[in-house]
Amino acid sequence: MSSLLAELSATAGAAFAAEGLAPELGQIQVSDRPDLAQFQCNGALAAAKLAKANPRAIAEKIAARLRQSPLVAEAAIAGPGFINLKLTDGALEERLQRVAAAPESALPGNGKGKRAIVDFGGPNIAKPMHVGHLRSSIIGDCLQRLLRANGWTVTSDVHLGDWGLPMGQLIAELAASRPTLPYFDAADRSPYPDESPVTMDDLEVLYPKAAAACKEDPARLEAARLATAELQAGRPGYRALWEHFHDATAVGLKREFASLGVVFDEWKGESDADPLIPAMIERLKEQGFAHMDEGALIVPVAEESDTKEVPPLILLKSDGAVLYGTTDLATIIDRIQSHDPNLILYVVDQRQHNHFEQVFRAAKKTGLSGKAELEHIGYGTVNGPDGKPFKTRAGGVMKLYDLIAMATAEADKRLAEAGLAADYPPEERARIAKAVGVAAIKFADLVNNRVSNYIFDLERFTRFEGKTGPYLQYAAVRIKSILKKAQAEGHAAGAPFIRSEEERQLALQLLAMPEALTLAENRRAPNLICDYVFTLAQGFSRFYTEHHILSESDAALRAARLGLSALTLAQIERMLALLGIEVPDRM
RNA sequence: GACCCCGUAGCUCAACCGGAUAGAGCACCUGCCUUCUAAGCAGGGGGUUGCGUGUUCGAGUCACGCCGGGGUCGCCA
C-alpha cells in the first residue's frame, strides 16, 4: 500500500502532467501552515520559474484538477502560488481503517530485496565498554531495526577490536609480569592449558597498565609491537593466549549488550579478517594497487579532485604488522563473499571519518567492495556537564554497565517521587525501573542530531516531562490502561472514524508514518523517528484530554475511539521498538 | 597551516528539493484534576538563525570571505 502522501503526490503529479508539466512538480508535503491547510504543493512556483510563467495561474489550473480527486476536500491558492489542500474525512478514515486492519502494510518497504550490513558497537578486547561505545551501540541498533522494518535484509556485526597493537601490549605486559607462563616459550608448547590465565577483571587492570608502560618506556612499546607482529604471524603461544583474552572479554561484553537490549547477528572481529589478508595483499600488489613506500606497504588513495592531502592507506607497517585499515579492507572481502550486500554501514565515531574515507576509496579503487555502497555513519561525542568527554567523578572512564545501573536507580527514584508502581511486586517494579532507565538513556541519545555532541545529564534524561523516553512510555502505558479497562467492561474496539479536530489531527499524524521512516532511513537519522513518535504521543494526549472514551454513551463512537487508541498504541510501540525502547504493561 | 563537522530562543535541539509567520522540549508566567494514569492538556512571554557579501521573485538552507567551538592530518584504534 502506498502512503497517503505518495498517493497525493501521484495525483498532483498527474495534474501537472495533464498541463504538460513535469510530474515531479506534484510533490506534496505536510503543510507548513497548519492553520491554513493539511498539505501543500509548491510545484507551481518551480514550474513558473522554469516556464517563466505566472505561478498563480499555473497553481490555479493544478488546483482545479486536484478538486476532481475524491481525496481532496479543498484546494486553495495562497501567497505567490502555494496550493493548499485539505482532504476529506472519508479518505482519511478509509486509509486509517486499512492500516488498522493490516498494520504491516503501512511500512514503506524501501529495502525489499536488498541486503545491508550494519557494523557497530566495536568494543575492544580487554576493555570494558564505556560511554564511547554507547552511541555506536544505540545508533547502530536503531539503524538495524529501522532497516529491517523498512524491508531490508540486515546482518549486524559487533566487529570486535581484537587484532591491533593492544593485543601485543597485553601480551608484553603479561610476559613482563608472569614470564613463567607457557605461552611465552618461543617453541610450540601446545596443547596449552584450557583455563585462562586471566579473567575479564584481570584484563581490565592489565590493559591500562600495559598502555601506560608503552607510553613511558620505548622498549616496552617495541616489545608490544613485536608481539603484535608475532601474534599476527601465528606464533602458537600468543595465539593460545589471545584466545583466552578473547573468550574472557566476550562474556563481559555479552552481559553489557544484553543489559542494553542490543543483539548482533555476528560476533566477528578484526581477527576474522586475518586469514584473508595474505591473498588480498598479493592480489593488490600484483594488480599494482599496492607498493612499498618508506618501508611500509601502501595503497595510494589520493584523487585528482582532492582539495586536501589524503594520505595513503597503510596495509603493512614496516615491521610487517597490519593496521586496522588492513583488517577493515579484508573484512569487506569477507562480507561481500558471505552476504553480497548492497550497503555496509559503519557506525563509528565521527573522528574516524578520514580513516573510513581512505578505506572506502581503497575498496572502490581496487574493486573489492563490488556493488556494495560503503558509508560511514559518524556521530558526535558524549560529554560531561563541563562539555568535556564524560568521566566518572574520580576522573576515570564511566563504564556502560555502571551507567545503566545509575540510570535504573535514577528511574526508580522518579517512580517513587511520582508514587507510581508503588504497590507492584518488587520484581515488576525493578523491571519497570530498568526499562525506564534504559529508555531515558537511549531516547536522549537518539533524539539528538547524530553528528553533534551532547551533554550527558541523567537528571534531565530521566525526567518524565517533555521530550523524553519515559514520557513516551507513559503515554503508551496510559493507552494500554484504557484498552484493558475497556476489555474488562466488555467494550470492543471498532474501525476508527473522525468526528472531531483532535481525531482528524491524530489520523493525519498516524498516516504520516511511512514518510517519517523513509526519511529516517535515507538520512540514517534516528532523531526523525524520535520526533515522529513524540509528536504522535502529543497528538494522542490532546485527543485523550478532549474526549473521554470509556464514558462515551454512543457505542459506535466509543468503539471507533477505542480503535483509534489501539492503532495509536500499536504505532507508538512500533516506533519505540525501532529505538530499542520497551513499553511496560503498566507503570 | 590544510581539511572535515558544528554554530538557530536563557538551556537542549528541529526545520524534507531554496518557499508562507524559523518550530519543539526544559526553564519562566496564567489557567485546567469528585470521570479513562496531571509523568498530562490549553494558553503566554522569549529570535538580527555567529558576522558580512553575493546568487534568487524568495536564503537558517546555496556560493565566497571572516569569527568562535570541536576534530583530523603516514606506520594507534
Side-chain angles (χ1 to χ4, degrees), chain A residues 24 27 29-33 35-36 40 42 45-46 48-49 55 78-82 84 122 124 161 163-166 169 211 214 221 225 270 293-298 306-319 321 323-325 348-355 357-358 378 380-381 383 387 414-415 417-420 436 444 447-449 451-455 457 460 463-468 470-471 473-475 477-486 489 515 518-519 522-523 527-528 530-531 534-535 538 541-542 544-552 565 586-587:
Chain A
E24 296 76 47
Q27 186 62 52
Q29 59 184 263
V30 172
S31 178
D32 291 332
R33 293 286 305 270
D35 53 322
L36 297 179
Q40 69 186 63
N42 300 343
L45 294 168
K49 193 171 195 171
F82 300 106
N84 284 333
N124 300 304
W163 208 236
L165 183 65
Q169 290 176 314
C214 288
L221 180 60
R225 285 203 172 120
E270 294 164 354
D293 188 87
E294 296 176 30
L297 184 68
I298 64 164
D306 286 344
T307 52
K308 62 182 170 181
E309 198 180 328
V310 181
L313 185 73
I314 296 178
L315 293 177
L316 294 177
K317 298 198 287 179
S318 28
D319 65 5
L323 291 168
Y324 76 137
V348 182
D349 196 316
Q350 183 64 28
R351 286 175 295 195
Q352 294 194 34
H353 191 74
N354 292 344
H355 163 72
E357 185 160 3
Q358 286 175 279
T381 56
N383 297 332
R414 298 295 178 120
L415 289 171
E417 282 167 10
L420 280 172
V436 170
V447 75
N448 287 306
N449 186 321
V451 292
S452 53
N453 305 336
Y454 74 91
I455 292 174
D457 180 350
R460 186 159 66 80
R463 264 184 215 164
F464 296 101
E465 305 93 27
K467 204 169 178 178
T468 67
Y471 163 84
Q473 288 174 312
Y474 170 76
V477 164
R478 267 200 322 191
I479 305 176
K480 283 190 183 188
S481 172
I482 296 171
L483 295 176
K484 233 178 287 176
K485 284 195 170 133
E489 291 171 25
E515 277 69 37
T518 295
L519 202 59
N522 290 344
R523 306 208 342 221
N527 65 299
L528 298 178
C530 295
D531 284 344
F534 180 71
T535 308
Q538 274 187 320
S541 280
R542 263 174 225 130
Y544 169 95
T545 304
E546 209 56 38
H547 306 293
H548 203 275
I549 299 165
L550 294 178
S551 64
E552 175 56 53
S565 302
R586 55 177 191 167
M587 287 167 77

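Hydrogens, waters and symmetry mates are skipped; everything else that's a heavy atom, side chains included, is used. Keep in mind that this is a model prediction, so the values were computed, not measured. The chains referred to below are lettered A, B, ... by the order of the sequence lines, with proteins before strands, and numbering in each begins at 1.
- Rounded to a whole Å, the CZ atom of A/F82 is 6 Å from the P atom of B/A20.
- The side chain of A/I298 lies closest to B/G74 when the candidates are B/C75, B/G74, B/C36.
- Dashed line: the shortest gap from a side-chain N or O of A/K317 to OP1 or OP2 of B/G74 is not under 4.0 Å.
- Within 4.0 Å of A/G164, counting heavy atoms only, lie sugar-phosphate atoms of the nucleic acid but no base atom.
- For B/A20, the base has no donor-acceptor partner in the side chain of A/D35 [N/O atoms by modelled type, under 3.5 angstrom].
- Distances were taken from every side-chain heavy atom of A/Q29 (C-beta onward) to each of B/C76, B/C16, B/U35; the shortest belongs to B/C16.
- Candidate nucleotides B/U37, B/C5, B/A42 were compared by shortest atom distance to the side chain of A/V451, and B/C5 ranks first.
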Could you go through the side chain to side chain contact (heavy atoms under 4.5 Å, CB included) check for A/Y471 and A/Q538 one step at a time?
-> CA-CA 10 Å; A/Y471 163 84; A/Q538 274 187 320; 3.7 Å; yes
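- The CZ atom of A/R463 lies 6.5 Å from the CZ atom of A/R414; values are rounded to the nearest 0.5 Å.
- Here, B/G44 and B/G25 have their P atoms 12 Å apart, quoted to the whole Å.
- At a cut-off of 3.5 Å, with distance as the only test, a side-chain donor of A/S541 or A/R478 sits close to an acceptor on the other residue.
- The nucleotide whose nearest atom lies closest to any side-chain atom of A/D293 is, among B/A77, B/G74, B/A20, B/G74.
- Under 4.0 angstrom from either OP1 or OP2 of B/C41 there lies at least one side-chain N or O belonging to A/Y471.
- Atom P of B/A9 sits at a distance of 16 Å from the matching atom of B/G52, rounded to the whole Å.
- Separating the OH atom of A/Y454 from the C1' atom of B/G25 is a distance of 17 Å, rounded to the nearest angstrom.
- B/G25 is paired with B/C11 under the criterion used here, namely a Watson-Crick or G-U wobble arrangement in which both key atom distances are under 3.5 Å.
- Rounded to whole angstrom, the span from the CD atom of A/E294 across to the C1' atom of B/G74 amounts to 7 Å.
- As rounded to whole Å, 12 Å separates atom P of B/A24 from atom CG of A/D32.
- Counting only heavy atoms from C-beta on, A/V477 has its side chain closest to B/U37 among B/U37, B/G25, B/A77.
- Partner assigned to B/G60 is none, using Watson-Crick or G-U wobble distances below 3.5 angstrom.
- Atoms OH and CD1, from A/Y544 and A/I482 in turn, are 5.0 Å apart once rounded to the nearest 0.5 Å.
- To the nearest angstrom, P of B/C26 lies 9 Å from CD of A/Q538.
- Remark: P of B/G23 and NZ of A/K467 are 14 Å apart, rounded to the nearest angstrom.
- With a cut-off of 3.5 Å on both Watson-Crick or G-U wobble distances, the partner of B/G65 is given as B/C51.
- The side chain of A/A78 has B/A20 as its nearest neighbour among B/A20, B/A77, B/C36.
- Spacing of C1' atoms, B/U49 relative to B/U8, comes out at 4 Å, to the nearest Å.
- Only the P atoms considered, B/G47 is 31 Å distant from B/C5, to the nearest whole Å.
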Nucleic acid footprint by protein, nucleotides 67-73 of chain B - heavy-atom cut-off 4.0 Å, B for base, S for sugar-phosphate alone | ----SS-
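- In the interface, the side chain of A/S318 is paired with the base of B/C75 through a donor and an acceptor atom under 3.5 Å apart.
- Counting to the nearest Å, the P atom of B/C36 and the CD atom of A/E546 are 16 Å from each other.
- Comparing the same atom, P, in B/C57 and in B/G50 gives a spacing of 25 Å after rounding to whole Å.
- For A/T545, counting side-chain heavy atoms from C-beta on, the closest listed nucleotide (B/G19, B/U37, B/G40) is B/G40.
- Spacing of C1' atoms, B/G46 relative to B/A38, comes out at 26 Å, to the nearest Å.
- Separating the P atom of B/C6 from that of B/A42 is a span of 33 Å, rounded to the nearest Å.
- Note on A/R225: every side-chain N or O is 4.0 Å or more away from OP1 and OP2 of B/C75.
- Contacts of A/S541 with the nucleic acid, taken as non-hydrogen atoms under 4.0 Å apart, involve only primed sugar atoms and P, OP1 or OP2.
- Using a 4.0 Å cut-off, no side-chain N or O of A/R586 falls inside it from OP1 or OP2 of B/C36.
- Which of B/U35, B/A77, B/C75 sits closest to the side chain of A/E270 comes down to B/A77.
- With B/A20, B/G74, B/A77 as the choices, the nucleotide that has an atom nearest any side-chain atom of A/P312 turns out to be B/G74.
- Between B/C41, B/C76, B/A38, one nucleotide has an atom nearer to the side chain of A/Y544 than all others, and that is B/A38.
- Annotation for A/G380 and A/N453: closest pair CA-OD1, 3.2 Å, computed over non-hydrogen atoms.
- The aromatic ring of A/H353 does not stack onto the base of B/C5, failing the criterion of a centre distance under 5.5 Å from the six-membered base ring together with planes under 30° apart.
- Within the model, atoms CG of A/N84 and CG of A/D32 stand 9.5 Å from one another, a figure rounded to the nearest 0.5 Å.
- As a whole-Å value, the separation of A/F534 CZ from B/U12 P is 18 Å.
- Using modelled atom types, no side-chain atom of A/E270 and backbone atom of A/Y324 make a donor-acceptor pair closer than 3.5 Å.
- Annotation: B/C11 and B/C17 have their P atoms spaced 28 Å apart (nearest Å).
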